Amino acid sequence: MTENLYYRRSGKIDVLRLLIWFTGGVLASIPLALLYAAAVRYIPIIYVNALFTLGLAAGAGFLASLIAKGARSRNHGFTLLIGLAIGVISLWFAWAYWVVLLHKDVSVFSVPHFLKALNPSIIQYMTVEVAKMDNYLTIGKAGKTVISGYGLYTLWAVEGLVVVLGSTLIAFGLCADKAFCERCRKWTGIIFTSRRLDASIDYVTLREELEAHQFASLLGMGLANSGDTLYIIVEVHSCGCGETFLLSVIETVVSTDDKGKESTKRNDIVSKLYISREELEQIRENMKAAL
């Protein structure tokens with residue numbers, strides 16, 4: 001049985017901290033949404049708008065990841081929900097301010113106008129009216145092709161999916177690999193990374209030895225050659241209290257596409273195996289040259 005050998009998330013979340021951080025995240029999403037709304041309102045060019053939409057998704061996802069970490073979410077489901085919620089809220093705020101900016105007599109941000117525009121029925125009404133226009137959004141050279149009606153509805157639907165799904169996945173991606181120490185109640189960070197090690201070793205045997213806390217094979221691994229596209233990296237994570245140490249051994253594969261662009265893929269051989277402080281010092285001592 002290996003359940004107690006590896007780090008596993010507890011599935012918990014600090015409710016009070018969630019409320020505080022979520023409130024802060026919602027407030028922080030307002031200027032992000034306002035900036036996005038102004039950008040798409042005054043630069044109605046589809047290709048440029050696509051970049052703005054990706055930016056809003058990335059910003060909302062980053063905010064959601066901060067909320068999840070601040071709330072000490074050790075539950076992937078909660079992290080996904082936080083990302084989803086911030087994505088929806090950011091999009092809602094952006095659409096509301098976009099509605100405000102459609103009025104020519106509104107030149108500066110107005111809280112009353114913004115709060116009024118948060119009404120979903122107002123947003124729906126304005127989208128229907130804008131979809132009837134024949135000069136709102138253009139595509140092609142010199143803006144000769146106009147997008148309206150169902151074409152505009154489709155673009156808005158895609159925009160919503162990109163922002164909401166993007167925010168959800170980015171938040172999850174930024175938090176998925178984080179480990180939390182239940183003793184000091186802090187997130188862990190990397191305190192040791194080896195140089196590139198030779199990968200000519202049986203991974204199954206190595207894993208079994210490490211699970212038995214036998215480190216001879218690991219410590220006996222030599223350095224990979226400079227041109228090797230397959231190598232192993234050793235990482236150790238720890239927290240502020242210095243009582244939790246997690247060992248990861250990662251196979252790294254470097255590949256090059258037809259255009260000469262390199263990409264790196266990481267595969268866990270061992271992921272976040274609990275080790276003692278003495279075992280950490282043993283690894284450090286024998287891998288001094290790799291620090």
Side-chain angles (χ1 to χ4, degrees), residues 1-14 65-66 68-76 79 172-255 262-291:
M1 300 295 287
T2 61
E3 287 81 356
N4 297 324
L5 295 177
Y6 293 92
Y7 168 79
R8 294 289 182 270
R9 287 180 173 246
S10 65
K12 299 177 181 179
I13 190 170
D14 291 12
S65 72
L66 294 180
K69 293 173 187 176
R72 297 169 177 166
S73 173
R74 289 89 82 193
N75 186 303
H76 286 327
T79 300
F172 179 79
L174 292 174
C175 297
D177 197 44
K178 297 292 183 181
F180 187 80
C181 176
E182 299 291 345
R183 296 180 182 179
C184 67
R185 303 189 66 74
K186 293 183 179 179
W187 295 100
T188 63
I190 297 176
I191 62 169
F192 174 87
T193 302
S194 73
R195 287 185 181 178
R196 300 178 178 184
L197 303 174
D198 181 56
S200 57
I201 189 171
D202 184 77
Y203 294 168
V204 174
T205 301
L206 177 62
R207 184 186 305 112
E208 291 174 349
E209 290 180 356
L210 293 176
E211 289 176 352
H213 292 270
Q214 299 172 3
F215 295 88
S217 295
L218 179 69
L219 300 180
M221 295 171 62
L223 295 177
N225 296 319
S226 58
D228 286 354
T229 57
L230 175 64
Y231 55 87
I232 288 175
I233 293 291
V234 176
E235 293 179 350
V236 178
H237 294 244
S238 186
C239 56
C241 68
E243 294 296 327
T244 299
F245 302 99
L246 303 170
L247 172 69
S248 293
V249 180
I250 306 156
E251 177 197 59
T252 307
V253 182
V254 180
S255 58
E262 285 191 355
S263 61
T264 302
K265 182 179 180 181
R266 290 160 57 99
N267 304 305
D268 290 331
I269 300 171
V270 169
S271 179
K272 298 183 179 64
L273 174 74
Y274 283 110
I275 61 174
S276 65
R277 181 185 294 273
E278 292 73 19
E279 289 167 336
L280 167 63
E281 295 305 324
Q282 185 181 6
I283 292 173
R284 276 179 163 167
E285 180 67 24
N286 286 271
M287 291 186 174
K288 275 186 176 180
L291 289 175

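Because the structure is a prediction, the values reported are computed rather than measured.
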J.: Find the distance between CZ (F172) and NE2 (H76) and round it off to the nearest 0.5 Å.
T.: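 F172 CZ to H76 NE2: 4.5 Å, rounded to 0.5 Å.
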J.: Between I191 and R284, what is the shortest heavy-atom contact and its length?
T.: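 Residues I191 and R284, closest heavy atoms: O-NH2, 3.6 Å.
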J.: Taking distance alone, no hydrogens or angles, what donor-acceptor pairs closer than 3.5 Å link side-chain atoms of residues 238-245 to residues at least two apart or in another chain?
T.:
{"unit_1": "S238", "atom_1": "OG", "unit_2": "T244", "atom_2": "O", "d": "3.0"}

J.: Determine whether V234 and T193 make a side-chain contact, defined as any pair of heavy atoms from C-beta on separated by less than 4.5 Å.
T.: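 V234 does not reach T193 side chain to side chain.
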J.: Report the residues that fulfil side-chain hydrogen bond (donor to acceptor under 3.5 Å, both in side chains) with H213, sequence neighbours left out, ordered by chain and then residue number.
T.: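 Residues passing side-chain hydrogen bond (donor to acceptor under 3.5 Å, both in side chains) with H213: E279.
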J.: For the atom pair CG (D228) and CG (L197), what is the distance rounded to the nearest 0.5 Å?
T.: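 Here the interatomic distance stands at 11.0 Å.
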J.: Are the side chains of S217 and I201 in touch, meaning some heavy atoms are under 4.5 Å apart?
T.: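 Yes. Closest side-chain heavy atoms under 4.5 Å.
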J.: Minimum heavy-atom separation for L219 and I283, please, with both atom names.
T.: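 Residues L219 and I283, closest heavy atoms: CD2-CA, 3.9 Å.
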J.: Between L273 and L5, which heavy-atom pair has the shortest distance, and what is it?
T.: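 Where L273 meets L5 most closely, the heavy atoms are CD1-O, 3.3 Å.
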J.: Sequence neighbours excluded, which residues qualify as side chain to side chain contact (heavy atoms under 4.5 Å, CB included) partners of S226?
T.: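 Side chain to side chain contact (heavy atoms under 4.5 Å, CB included) check on S226 returns nothing, list empty.
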J.: S73 side chain to K69 main-chain N or O, any donor-acceptor pair under 3.5 Å?
T.: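 A pair under 3.5 Å: no.
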J.: Considering only heavy atoms from C-beta outward, does the side chain of L210 approach that of F215 to under 4.5 Å?
T.: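 Yes, close enough: below the 4.5 Å cut-off.
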J.: Who passes side chain to side chain contact (heavy atoms under 4.5 Å, CB included) against K272, sequence neighbours left out?
T.: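 So K272 forms a side chain to side chain contact (heavy atoms under 4.5 Å, CB included) with Y7, D177, A179, L246, S248.
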J.: The criterion is side-chain hydrogen bond (donor to acceptor under 3.5 Å, both in side chains); which residues satisfy it with Q214, sequence neighbours excluded?
T.: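 Q214 satisfies side-chain hydrogen bond (donor to acceptor under 3.5 Å, both in side chains) with no residue once adjacent residues are dropped.
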J.: Got a sec, which residues hit side chain to side chain contact (heavy atoms under 4.5 Å, CB included) with E208, two or more places apart in sequence or on another chain?
T.: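 Applying side chain to side chain contact (heavy atoms under 4.5 Å, CB included) to E208 gives V204.
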J.: Could you give the distance from CD (E278) to OG (S276), rounded to the nearest 0.5 Å?
T.: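 Taking CD in E278 and OG in S276, the distance rounds to 4.5 Å.
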J.: Is the shortest side-chain heavy-atom distance between E209 and V270 below 4.5 Å?
T.: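 A side-chain contact is absent here, since even the closest heavy-atom pair is not under 4.5 Å.
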J.: Taking atom CE of M221 and atom CG of N286, what is their separation to the nearest 0.5 Å?
T.: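 Answer for the CE-CG pair, M221 versus N286, is 13.0 Å.
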J.: Applying side-chain hydrogen bond (donor to acceptor under 3.5 Å, both in side chains), can you list everything that pairs with R207, at least two apart in sequence or on another chain?
T.: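 side-chain hydrogen bond (donor to acceptor under 3.5 Å, both in side chains) list for R207, sorted by chain: empty.
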J.: Quick check: closest heavy atoms across I232 and D198, and the distance to 0.1 Å?
T.: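 Looking at all heavy atoms of both residues, the shortest contact is CD1-O, 4.2 Å.
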J.: Restricting to salt bridge (charged side-chain N to carboxylate O under 4.0 Å, His left out), what partner residues turn up for D14, sequence neighbours left out?
T.: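 Salt bridge (charged side-chain N to carboxylate O under 4.0 Å, His left out) check on D14 returns R72, R74, R185.
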J.: Are any of the side-chain heavy atoms of R9 and K178 separated by less than 4.5 Å?
T.: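 Yes, side chains in contact.
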J.: Does R196 have any side chain to side chain contact (heavy atoms under 4.5 Å, CB included) partners at least two apart in sequence or in another chain, and if so, which?
T.: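 By the side chain to side chain contact (heavy atoms under 4.5 Å, CB included) rule, R196 matches A224, Y231, I233.
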J.: To the closest 0.5 Å, what do you measure between OG1 (T79) and CD1 (I13)?
T.: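 CD1 of I13 is found 6.5 Å from OG1 of T79.
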J.: To the nearest 0.5 angstrom, please state how far the CD1 atom of I269 sits from the OG1 atom of T252.
T.: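 Result: 8.5 Å between the selected atoms.
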J.: According to side-chain hydrogen bond (donor to acceptor under 3.5 Å, both in side chains), who are the partners of T264, at least two apart in sequence or on a separate chain?
T.: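 side-chain hydrogen bond (donor to acceptor under 3.5 Å, both in side chains) check on T264 returns nothing, list empty.
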J.: How close do L206 and V249 get, heavy atom to heavy atom, and via which atoms?
T.: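 Closest heavy-atom pair between L206 and V249: CD2-CG1, 4.2 Å.
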